[in-house]
Amino acid sequence: INKLLNIDFNLNIILALSQIGITLAVCYYFKNIIKDIIVNLFRLNREYFLFCFKILITMLPSVFIGCFFYGIIKTYCQSSMSIGIGLICGSLLMYFAEKYYLKNHNGDTNNIKQRNDLLNISFKDVCKIGLFQSLSLMSGVSRSATTISAGMLSNFSRIKAVEMAFFISIPVSFGGACFDLYKCFDL
């Protein structure tokens with residue numbers, strides 16, 4: 001892009017800024033839920049504090065791995081081979097999550113967790129989602145695909161797994177983009 005536009009600009013800055021834009025779009029989509037969470041936090045509602053704490057827990061594996069292995073990830077996980085391997089692994093994960101989901105539900109929706117259960121998501125599910133989400137640090141592995149798969153493996157309906165995946169993407173995506181900007185400017 002630098003040669004094409006004849007400018008000297010770091011592509012990583014463009015990617016980080018675009019990620020912030022995507023995150024803001026997701027925030028806009030969930031504006032009512034975010035507003036509800038903020039209002040309830042100011043009301044000191046314990047259930048919402050616990051929910052926010054659980055969202056933070058989903059971030060911990062990605063934050064830990066991303067911070068401590070940033071150089072390795074940016075050096076070795078950006079090749080065409082690693083991207084191809086990541087695409088295959090992510091596809092296999094989605095395939096097996098779908099098989100598990102279909103096998104365990106067979107059209108029965110009584111034991112599927114619905115949206116109101118997201119506030120009461122278990123710590124076991126939160127940890128599972130966080131670990132799955134950290135797989136997306138490898139290029140080619142979709143963060144949303146890993147978290148949707150984790151949701152389906154945790155008995156969330158497909159729709160609720162998608163909502164959950166995009167909702168929890170907000171802090172991880174924003175934090176990752178800010179960290180990339182930090183690294184670009186060597187602050």
Search all heavy atoms of Ser136 against all heavy atoms of Ser142 and return the closest pair with its distance. CB-C, 3.9 Å
Are Ile85 and Leu92 linked, directly or through intermediate hydrophobic residues, by side-chain heavy-atom contacts shorter than 4.5 Å (ILVMFWY only)? no
Could you state the interatomic distance from CD (Glu163) to CZ (Phe30), rounded to the nearest 0.5 Å? 5.5 Å
Give a yes or no on whether the backbone of Ile38 and the side-chain of Arg43 come within a donor-acceptor separation of less than 3.5 Å. no
Shortest non-hydrogen separation from Gly86 to Met138 and the atoms involved: N-CE, 3.5 Å
The criterion is side-chain contact (heavy atoms from CB on, under 4.5 Å); which residues satisfy it with Leu153, sequence neighbours excluded? Ala97, Tyr100, Phe132
What I'd like to find out is whether the side chain of Leu41 reaches to under 4.5 Å of the side chain of Cys52, using heavy atoms alone. yes
Greater than 12 external heavy atoms within 6.0 Å of Phe123's CZ: yes
Residue pairs passing the side-chain hydrogen bond (donor to acceptor under 3.5 Å, both in side chains) test with at least one member in residues 30-41, sequence neighbours excluded, are Asp36-Asn40, Asp36-Tyr48, Asn40-Asn45
4.5 Å side-chain heavy-atom contact, Phe174 and Cys27: no
Give the minimum heavy-atom separation between Ala145 and Met94, together with the two atoms involved. CB-SD, 3.3 Å
Joint cluster assignment, Tyr29 & Ile168, ILVMFWY side-chain distance < 4.5 Å: yes
Go through Leu181 and Ile20 one step at a time and tell me if the side-chain contact (heavy atoms from CB on, under 4.5 Å) criterion holds. CA-CA 10 Å; Leu181 285 173; Ile20 290 172; 3.8 Å; yes
Tell me if a side-chain donor or acceptor on Gln133 pairs with a main-chain N or O of Thr58 at a distance below 3.5 Å. yes
To the nearest 0.5 Å, what is the distance between OG (Ser134) and CZ (Phe64)? 11.0 Å
Roughly how far, to the nearest 0.5 Å, is OG of Ser154 from CD1 of Ile121? 6.5 Å
Residue pairs, two or more places apart or on separate chains, that pass salt bridge (Lys or Arg N to Asp or Glu O under 4.0 Å) and touch residues 88-102: Glu98-Arg158
Can you tell me which residue among Thr147, Ile129, Ile148, Ile55 is in a side-chain contact (heavy atoms from CB on, under 4.5 Å) with Met164? Ile129
Heavy-atom donor-acceptor pair, Ser173 side chain to Ile170 backbone, under 3.5 Å: no
Tell me, yes or no, whether the heavy-atom count around Leu24 atom CG, taken from other residues, nucleotides or ligands under 6.0 Å, exceeds 12. yes
Greater than 12 external heavy atoms within 6.0 Å of Phe166's CZ: no
Is it the case that one hydrophobic cluster holds both Ile159 and Tyr101, taking links as side-chain heavy atoms less than 4.5 Å apart, direct or via other members? no
Just wondering, do Ser122 and Asp125 contact through their side chains at under 4.5 Å, heavy atoms? yes
Please determine whether the number of non-hydrogen atoms from other residues, nucleotides or ligands lying under 6.0 Å from atom CZ of Phe49 exceeds 12. yes
Quick check: do Thr146 and Leu93 have side-chain heavy atoms less than 4.5 Å from each other? yes
Nearest 0.5 Å please: distance from the CD1 atom of Ile33 over to the CZ atom of Phe167. 6.5 Å
Can you tell me how far the CE atom of Met59 sits from the OG atom of Ser169, to the nearest 0.5 Å? 11.0 Å
Shared ILVMFWY cluster between Tyr28 and Ile22, side chains joined below 4.5 angstrom? no
side-chain contact (heavy atoms from CB on, under 4.5 Å) partner of Val126, the single match among Leu131, Leu60, Ile57: Ile57
